[in-house]
Amino acid sequence: MVSVLIPTHNRPQLLLRALRSLQLQLYPDWEAVVVDDGDGSGILAAHGLRDPRILAVRNAGRGQVEARNTGLAQASGQIIALLDDDDWWLDPTHLHRVVRALKAQAGLVYRGGYLVLERDGLELERIPFDFSASPQSLQSDNHLLASGTAYPRFLHDQLGPFDPEMADYWDWDWYLRVVGAGYPLIQLPGRGVAVSMHGGNMSYAARLEERQKNLDRLSSKHGLGQLKLKDHRIIAGAA
């Protein structure tokens, strides 16, 4: 069983796109755990699909990291896959590939895809994104698409839940914890993930100071040295 954790906040139409891409997966043994961190519209949208594999609950805490931890507590699968509510999977064999890779070796599976620029529901551009990552590269930058990652559930038993203190960088923190425990990064071939870039998720441009403080917190936790935001990218050792 693969448990797909999907936090959501007041964008039910985008959530439905994510869930429908999951329903198109050829691997049948999955469950979606939708965690509503907003007004409840995500729960209504999820229930509207009338799919018994989709569970929808309210966030037991506040914010996206607590929502993922709430989903983790509800999950019953041996594999955890991450999917944001505004992203979707392009490849109907994605979960097949994930399961095959993790049966061969325990680790953090990741996959490339496309950054999809959207405006008012219209797709403007697709930008390929398929960087390889290593324990060394994670010391200075995070090139992993969260919606393309999966790993064995037992890693949380060993390493604990996602860290709410890491805020914007909860995912980078998790990857560093996994590789720090000695587990490999496993890149799946091809581009199977679409990551939406739209007005609703680009508020970081107005939050540079806050994001830098969160980045400093991540760097301090993992001893990464000086990391600076520059043009919305991470630059190691930049002034």
Side-chain angles (χ1 to χ4, degrees), residues 2-25 27 30-72 74-75 80-92 94-95 98 110-129 142 144-150 162 167-171 174 191-207 211 232:
V2 180
S3 294
V4 185
L5 307 186
I6 310 176
T8 190
H9 185 86
N10 299 352
R11 39 196 189 194
Q13 292 306 313
L14 294 179
L15 171 65
L16 286 173
R17 178 174 64 182
L19 289 172
R20 286 171 178 143
S21 79
L22 181 50
Q23 289 178 314
L24 291 172
Q25 287 295 302
Y27 185 81
W30 58 264
E31 65 174 5
V33 186
V34 175
V35 184
D36 195 311
D37 186 47
D39 59 12
S41 59
I43 292 177
L44 293 175
H47 286 170
L49 291 177
R50 301 184 182 279
D51 189 327
R53 298 172 295 179
I54 299 174
L55 171 68
V57 299
R58 288 193 177 274
N59 190 0
R62 292 186 61 185
Q64 61 164 327
V65 188
E66 294 284 10
R68 288 178 173 85
N69 284 332
T70 296
L72 185 63
Q74 297 285 334
I80 299 296
L82 304 179
L83 181 61
D84 284 349
D85 64 346
D86 52 348
D87 300 339
W88 68 101
W89 290 336
L90 298 167
D91 178 7
H94 179 68
L95 286 182
V98 165
Y110 69 98
R111 195 172 189 191
Y114 297 89
L115 303 180
V116 182
L117 301 181
E118 298 184 295
R119 183 180 301 156
D120 299 326
L122 297 176
E123 181 175 322
L124 303 179
E125 184 181 4
R126 288 195 178 195
I127 303 170
F129 189 99
N142 174 25
L144 304 188
L145 300 175
S147 291
T149 60
F162 302 114
D168 295 301
Y169 302 104
W170 65 271
D171 52 343
W174 176 245
R191 297 173 182 148
V193 183
V195 173
S196 177
M197 305 291 289
H198 55 84
N201 70 355
M202 297 178 72
S203 61
Y204 64 78
R207 297 175 50 240
R211 286 174 61 85
H232 317 315

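The minimum heavy-atom distance between A150 and V98, with the atom names listed, is CB-CG1, 3.6 Å. Here the closest heavy-atom approach between residue D36 and residue D39 is recorded as OD1-N, 3.7 Å. For the pair L19 and I6, the tightest heavy-atom approach, listed with the atom from each and the gap, is CD2-CD1, 3.7 Å. Annotation for G42 and T8: closest pair CA-CG2, 4.1 Å, computed over non-hydrogen atoms. Shortest non-hydrogen contact noted between V33 and A75 is CG2-CA, 4.3 Å. In terms of heavy atoms, L83 sits closest to A18 at CD2-O, 3.9 Å.
Between L22 and the choices L49, L95, I54, the side chain to side chain contact (heavy atoms under 4.5 Å, CB included) rule is met once, by L95.
In summary, E118 and R17 engage in a salt bridge, as defined by a charged side-chain N under 4.0 Å from a carboxylate O. Salt-bridge annotation for D91 and R111: present, with a side-chain N of the basic residue lying under 4.0 Å from a carboxylate O of the acidic one.
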Go through the steps for L90 and V193 under the test side-chain contact (heavy atoms from CB on, under 4.5 Å), then give the verdict. CA-CA 6 Å; L90 298 167; V193 183; over 6 Å; no
Pair R211-Y169, side-chain contact (heavy atoms from CB on, under 4.5 Å): steps then yes or no: CA-CA 9 Å; R211 286 174 61 85; Y169 302 104; 3.5 Å; yes
Could you walk me through whether L15 and V34 satisfy the side-chain contact (heavy atoms from CB on, under 4.5 Å) test, starting with their C-alpha distance in whole Å, then the side-chain angles of each, then the deciding distance to 0.1 Å, before giving a yes or no? CA-CA 9 Å; L15 171 65; V34 175; 4.0 Å; yes
side-chain contact (heavy atoms from CB on, under 4.5 Å) between Q23 and D51: does it pass, once the steps are laid out? CA-CA 9 Å; Q23 289 178 314; D51 189 327; 2.9 Å; yes
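Taken to the nearest 0.5 Å, the CE atom of M197 stands 13.0 Å off from the CZ atom of R119. For the atom pair OG (S196) and CG (D85), the distance works out to 9.5 Å, reported to the nearest 0.5 Å. Note that NE2 of H47 is 10.5 Å distant from CZ of R50, once rounded to the nearest 0.5 Å. Here the CH2 atom belonging to W174 is positioned 14.5 Å from the CG atom belonging to N142, to the nearest 0.5 angstrom. In this structure, the separation between OG1 on T149 and CG on D171 is 8.0 Å, given to the nearest 0.5 Å.
Ring-plane geometry between W89 and H94 is classed as tilted, the angle between the planes lying from 30 to 60 degrees on a 0 to 90 degree scale.
Looking at D87 and S147, their side chains do bring a donor and an acceptor atom within 3.5 Å of each other.
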Would you be so kind as to tabulate the donor-acceptor pairs closer than 3.5 Å made by side chains of residues 55-64, with sequence neighbours excluded?
residue	atom	partner	partner atom	Å
N59	OD1	G61	N	3.0
N59	OD1	A67	N	3.4
N59	OD1	T70	OG1	3.1
N59	ND2	D37	OD1	2.8
N59	ND2	G61	O	3.4
N59	ND2	G63	O	3.1
Q64	OE1	R68	NH1	2.9
Q64	OE1	W170	NE1	3.3

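Using modelled atom types, no side-chain atom of D84 and backbone atom of D86 make a donor-acceptor pair closer than 3.5 Å.
With a 6.0 Å cutoff to the six-membered ring centre and a 45° limit on the axis angle, R191 does not count as a cation-pi contact of F129.
Side-chain atoms of W88 and L16, non-hydrogen and from C-beta on, never get closer than 4.5 Å to each other.
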